[in-house]
*Asks:* 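My questions all concern the structure below.
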Amino acid sequence: MAHKPTSRDLPGGPERDTNDHRRLRHGRDRRVGFAVGEYRQPAPMLFTRDGHNVFLGDTFRGRSAFLVCGGPSLNDHDLRALDERGFLTLAVNNAATVVRPRLWCSVDDPGNFCDVIWRDPGVWKFVPLDHMEKTFKVRDEVDALVDSDERVGDMPAVFGFRRNEAFQPDQWLTEDSFNWGNHSKRVDELGHKGSRSVMYVALRLLYFLGVRTVYLLGCDFRMREGAANYAFDQDRSRSSVRNNNSSYAILNARLERLRPHFEEDGFDVYNCTPDSGLTAFPYVPYEEAVESVRSAMPAKIVTAGMYDRAARERVASQAKPTTGDSAGRLPNTVIVPTPLEHRPALAGSIATWRRHRPDLAGSSTIVLTSADGDLPSLPSNFDVSFVRTRNGEAIGQRLRTVIGEQDAGRVFVVDPRAVADSSTPLPDSAFEAPLSGAKWGYAKPSDLISQLDEWAGHVPGLRDRPPLAFPFDATSDRIRVPALATWWWSVDVEWFRDLQGILASAPDTVELVTLLWYVARRREEAVARLGLKKMGWMHSYNWTARTTIRRAKRVLNDRGS
């Protein structure tokens with residue numbers, strides 16, 4: 001196993017505190033990235049053709065990225081979203097001929113990759129440093145592959161990196177060169193020999209660049225003889241198929257070994273490839289990943305008035321308060337629907353709300369949870385009350401009753417896995433629209449809106465309104481609609497009570513926020529769709545209680561266990 005440094009291994013001897021040294025090495029926050037100039041920089045990682053150091057660490061601090069690999073499943077996705085503003089992509093090898101990425105990397109001979117990639121100035125290219133003086137391949141007048149007159153280093157936006165061939169998981173995220181597997185004669189701690197891949201470099205590069213959430217595309221991780229094994233045109237021999245499948249198995253095992261280190265450092269990797277042979281990372285549907293990234297960007301671009309500073313300052317001075325206490329509004333209530341498995345996360349997530357969300361300050365908090373199990377012990381200053389379900393009812397069913405019972409102006413429904421990391425104010429619409437919540441881009445099943453149209457056609461107060469009639473694809477499991485996410489939404493209590501006659505006959509199988517969204521849309525009432533991640537909220541439906549606690553500790557600068 002790799003030797004883990006102790007105080008005696010560090011410059012200065014045993015007097016050097018290991019925690020101080022770790023802080024120095026990683027800058028302001030070791031889990032997020034490097035603080036250039038504030039502390040000593042890490043070892044050089046990227047270089048120009050002439051060997052000059054180029055520091056790009058943390059360029060995309062805290063962002064999400066799609067890592068695009070070349071498996072045939074890549075062609076099964078609607079990839080147009082990756083061209084939208086706000087999407088960061090890194091492609092490997094010839095996958096960049098299917099998707100035009102922002103970033104690209106390779107480790108094999110430059111002649112293996114299409115020259116359209118090398119020549120594109122809009123793509124940052126990361127290659128082994130010793131490839132800078134190599135030629136690549138171009139097509140001649142009869143489409144034969146010949147050596148180029150130019151070299152890799154002549155191409156625009158090319159950066160070089162140093163590789164190593166000793167897989168050591170305990171130092172993999174922090175060593176001073178990019179590991180890409182093992183040398184053919186070297187055996188790792190898992191008993192595997194050899195096996196190298198560009199995917200190692202791609203993940204390590206994204207971490208170095210500051211990306212902290214990665215969504216994998218085209219990671220089929222299996223080949224079959226005679227089948228289409230890539231998303232682009234390329235045959236594979238029988239031996240190549242066998243060798244690649246062997247490498248996939250080793251790579252999967254090594255990524256499993258790396259995953260605890262990724263989780264410890266807040267580096268979340270999800271696999272968006274259905275039925276993938278890569279099992280080291282949890283599966284997330286591609287559409288859900290797209291919506292998560294899309295929700296962090298403005299829904300539209302409005303430039304009017306941006307140069308009118310005086311007018312903006314007048315509007316700001318006349319703006320109404322948004323906390324709800326000095327505007328004559330009733331107090332708010334926060335309801336946290338919490339299944340048994342997420343109860344341990346409450347102490348961490350609610351602590352971040354108390355610190356960073358003044359828009360919820362003064363609100364009472366109700367934890368709505370199931371009847372089984374012991375209740376968690378929370379700090380007394382949290383002012384939290386617990387309400388359990390009863391008579392075998394589901395948490396979602398009980399939620400309808402609890403909202404209607406509140407003596408409050410507004411109820412905020414927040415998932416226990418939601419972590420607040422800044423205090424960016426909510427807009428007035430979050431308090432004034434009858435219904436508001438986090439943006440979401442689809443609902444399930446695909447015919448859900450048709451089902452609700454059918455139901456509403458028999459309900460007084462709705463049947464005289466035109467149906468929404470959103471078209472849907474019967475072969476899909478979802479329908480694309482401008483909906484609200486279930487992890488954060490709010491509703492005006494008086495408006496909610498007025499809907500009780502309508503909701504009484506509504507199907508219990510539909511999420512309450514989706515049902516309210518449908519009613520509001522059908523009645524042509526305002527719905528505020530908010531980019532909550534821009535306003536200081538973090539959340540993932542795939543987080544466990546342990547992951548949520550770790551995120552909350554990082555936000556609160558708690559380095560305890």
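Positions are given from 1, in the same order as the sequence printed here. Keep in mind that this is a model prediction, so the values were computed, not measured.
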*Asks:* Give me the ring orientation class for His539 and Tyr541: parallel if the planes are under 30° apart, tilted from 30 to 60°, perpendicular past 60°.
*Replies:*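 Rings of His539 and Tyr541: perpendicular, as their planes differ by over 60°.
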*Asks:* Answer yes or no: is there an ion pair linking Arg294 with Glu84, defined by an N-O contact shorter than 4.0 Å?
*Replies:* yes
*Asks:* Apply side-chain contact (heavy atoms from CB on, under 4.5 Å) to Trp172 and Tyr200, showing your working.
*Replies:* CA-CA 10 Å; Trp172 197 85; Tyr200 294 106; 3.9 Å; yes
*Asks:* Between atom CZ of Phe232 and atom CG of Leu74, what is the distance when rounded to the nearest 0.5 Å?
*Replies:*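 Reported value, rounded in 0.5 Å steps: 9.0 Å.
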*Asks:* Taking atom CG of Asp235 as the centre, report whether more than 12 heavy atoms of other residues, nucleotides or ligands fall under 6.0 Å from it.
*Replies:* no
*Asks:* What closest approach, in Å, do Arg400 and Pro507 show between heavy atoms, and which atom pair accounts for it?
*Replies:* NH2-O, 3.5 Å
*Asks:* Can you see which heavy atom on Pro445 is nearest to which on Gln451, and at what distance?
*Replies:* CG-NE2, 3.9 Å
*Asks:* Using atom types as modelled and distance alone, determine if a side-chain donor or acceptor of Asn252 lies under 3.5 Å from a backbone N or O of Thr279.
*Replies:* yes
*Asks:* Please report the shortest heavy-atom distance between Phe221 and Tyr248, naming the atom on each side.
*Replies:* C-CD1, 3.3 Å
*Asks:* Looking at NZ of Lys534 and CG of Leu530, how far apart are the two atoms once the value is rounded to the nearest 0.5 Å?
*Replies:* 9.5 Å
*Asks:* Look at atom CZ of Arg224 and say whether more than 12 heavy atoms of other residues, nucleotides or ligands are closer to it than 6.0 Å.
*Replies:* no
*Asks:* If we only count heavy atoms from C-beta on, is the Glu225 to Ser237 side-chain gap below 4.5 Å?
*Replies:*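 No; the side chains remain at least 4.5 Å from each other.
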*Asks:* Measure from the side-chain N and O atoms of His77 to the backbone N and O of Leu79, and report whether any donor-acceptor pair falls under 3.5 Å.
*Replies:*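 No.
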*Asks:* Using 0.5 Å steps for rounding, measure from the CZ atom of Phe113 to the CG atom of Asp115.
*Replies:* 13.0 Å
*Asks:* For a 4.5 angstrom cut-off between non-hydrogen side-chain atoms, does Met538 reach Lys533?
*Replies:* no
*Asks:* If we only count heavy atoms from C-beta on, is the Val138 to Leu145 side-chain gap below 4.5 Å?
*Replies:* no
*Asks:* What heavy-atom pair brings Lys125 and Trp118 nearest, and what distance separates the two atoms?
*Replies:* CE-O, 3.3 Å
*Asks:* Decide, yes or no, whether a salt bridge links Arg222 with Asp220 under the criterion of side-chain N to carboxylate O below 4.0 Å.
*Replies:* no
*Asks:* State whether the number of non-hydrogen atoms from other residues, nucleotides or ligands found under 6.0 Å of Arg63 atom CZ is greater than 12.
*Replies:*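 Counting neighbours around CZ of Arg63, 12 or fewer heavy atoms of other residues, nucleotides or ligands fall under 6.0 Å, so no.
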*Asks:* Classify the side-chain pair Ser349/Thr352 by whether it contains a donor and acceptor separated by less than 3.5 Å.
*Replies:*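 Not at all, the side chains of Ser349 and Thr352 share no donor-acceptor pair under 3.5 Å.
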*Asks:* Please say whether the positively charged group of Arg163, taken as NZ for Lys or CZ for Arg, lies over the ring of Trp180, i.e. under 6.0 angstrom from the six-membered ring centre and within 45 degrees of the axis.
*Replies:*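 The answer is yes, since Arg163 meets both limits relative to Trp180.
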*Asks:* Salt bridge or not for Asp83 and Arg80, using N-O below 4.0 Å?
*Replies:*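 Salt bridge absent between Asp83 and Arg80.
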*Asks:* Classify the side-chain pair Ser436/Ser490 by whether it contains a donor and acceptor separated by less than 3.5 Å.
*Replies:* yes
*Asks:* Any side-chain heavy atom of Phe262 within less than 4.5 Å of one from Arg212?
*Replies:*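 A side-chain contact is absent here, since even the closest heavy-atom pair is not under 4.5 Å.
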*Asks:* Is there a side-chain contact (heavy atoms from CB on, under 4.5 Å) between Phe159 and Trp124? Walk through the geometry before answering.
*Replies:* CA-CA 8 Å; Phe159 304 95; Trp124 289 10; 4.2 Å; yes
*Asks:* Can you measure from CD1 (Ile250) to CG (Leu190) and round to the nearest 0.5 angstrom?
*Replies:* 10.0 Å
*Asks:* For residues Phe412 and Trp488, establish whether the separation of their ring centroids is below 6.0 Å.
*Replies:*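 Ring-ring flag for Phe412/Trp488: true, centres closer than 6.0 Å.
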*Asks:* Are any of the side-chain heavy atoms of Leu216 and Cys272 separated by less than 4.5 Å?
*Replies:* no
*Asks:* Aromatic rings Trp517 and Phe470: how do their planes relate, parallel, tilted or perpendicular, breaks at 30° and 60°?
*Replies:*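 Plane angle under 30°, so parallel.
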*Asks:* Can a side-chain donor-acceptor contact be found between Ser370 and Arg343 if the only test is distance below 3.5 angstrom?
*Replies:* yes
*Asks:* With side chain to side chain donor-acceptor pair (under 3.5 Å) as the test, would you mind laying out the steps for Asp473 and Ser446 before giving the verdict?
*Replies:* CA-CA 7 Å; Asp473 179 1; Ser446 60; over 6 Å; no
*Asks:* Leu90 versus Leu206: any side-chain heavy-atom pair under 4.5 Å?
*Replies:*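 Yes, their side chains come closer than 4.5 Å.
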*Asks:* If you take the centroid of each ring, where Trp contributes its six-membered ring, are Phe66 and Tyr215 closer together than 6.0 Å?
*Replies:*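 Centroid distance Tyr215-Phe66: below 6.0 Å, so yes.
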*Asks:* Is it the case that the ring center of Trp440 lies less than 6.0 angstrom away from the ring center of Trp487?
*Replies:*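 Distance test on ring centres: not under 6.0 Å, no.
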*Asks:* Between Gln397 and Glu393, is any side-chain donor less than 3.5 angstrom from a side-chain acceptor?
*Replies:* no
*Asks:* Once you round to the nearest 0.5 Å, how far does OG1 of Thr544 lie from CD1 of Ile549?
*Replies:* 8.0 Å
*Asks:* Would you please test Phe161 and Phe126 for ring pair (Phe, Tyr, Trp, His ring centres under 6.0 Å) and show each step?
*Replies:* CA-CA 7 Å; Phe161 57 81; Phe126 300 88; 7.7 Å; no
*Asks:* Please determine, by modelled atom types, if Asn182 and Ser195 share a side-chain donor-acceptor pair under 3.5 angstrom.
*Replies:*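 Note: Asn182 and Ser195 side chains miss the donor-acceptor criterion.
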*Asks:* So that I can tick it off, tell me whether Glu291 and Arg480 are bridged by a salt bridge, with the cut-off set at under 4.0 angstrom between side-chain N and carboxylate O.
*Replies:*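 Salt bridge flag = yes for Glu291 with Arg480.
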*Asks:* Check the surroundings of atom CZ in Arg102: do more than 12 heavy atoms from other residues, nucleotides or ligands lie under 6.0 Å from it?
*Replies:* no
*Asks:* Taking the ring centre of each residue, are Tyr270 and Phe281 less than 6.0 Å apart?
*Replies:*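 Judged by ring-centre distance (under 6.0 Å), Tyr270 and Phe281 do not meet the cut-off.
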*Asks:* Would you call Ser295 and Arg529 a side-chain contact if the rule is heavy atoms closer than 4.5 Å?
*Replies:* no
*Asks:* Near Glu511 CD, under 6.0 Å, is it more than 12 heavy atoms from other residues, nucleotides or ligands?
*Replies:* no
*Asks:* Please round to the nearest 0.5 Å and tell me the distance separating atom CG of Asp188 and atom CG of Asn179.
*Replies:* 9.5 Å
*Asks:* Take Tyr207 and Asp265, measure what side chain to side chain donor-acceptor pair (under 3.5 Å) needs, and give me the verdict at the end.
*Replies:* CA-CA 10 Å; Tyr207 179 84; Asp265 276 37; 2.9 Å; yes
*Asks:* Decide side-chain contact (heavy atoms from CB on, under 4.5 Å) for Asn542 and Glu288; before the verdict, give the C-alpha distance in whole Å, the side-chain angles of both, and the deciding distance to 0.1 Å.
*Replies:* CA-CA 11 Å; Asn542 293 284; Glu288 187 173 311; 3.9 Å; yes
*Asks:* Considering non-hydrogen atoms only, spot the tightest contact between Pro337 and Val414 and give its length.
*Replies:* CD-O, 3.6 Å
*Asks:* Can you find a pair of side-chain heavy atoms, one from Asn75 and one from Val98, that are under 4.5 Å apart?
*Replies:* yes
*Asks:* Looking at Arg522 and Asp453, does any basic side-chain N land under 4.0 Å from a carboxylate oxygen?
*Replies:* yes
*Asks:* Does atom CZ (Arg546) have a neighbourhood of more than 12 heavy atoms from anything else shown, all under 6.0 Å?
*Replies:* no
*Asks:* Testing the basics here: between Ser106 and Pro128, what is the closest heavy-atom pair and its distance to 0.1 Å?
*Replies:* O-CD, 3.2 Å
*Asks:* side-chain contact (heavy atoms from CB on, under 4.5 Å) between Val92 and Trp104: does it pass, once the steps are laid out?
*Replies:* CA-CA 6 Å; Val92 299; Trp104 177 81; 5.8 Å; no
*Asks:* For atom CG of Asp78, is the number of surrounding heavy atoms from other residues, nucleotides or ligands below 6.0 Å larger than 12?
*Replies:* yes
*Asks:* Considering the options Arg259, Arg257, Glu264, which one meets the side chain to side chain donor-acceptor pair (under 3.5 Å) requirement together with His261?
*Replies:* Arg257
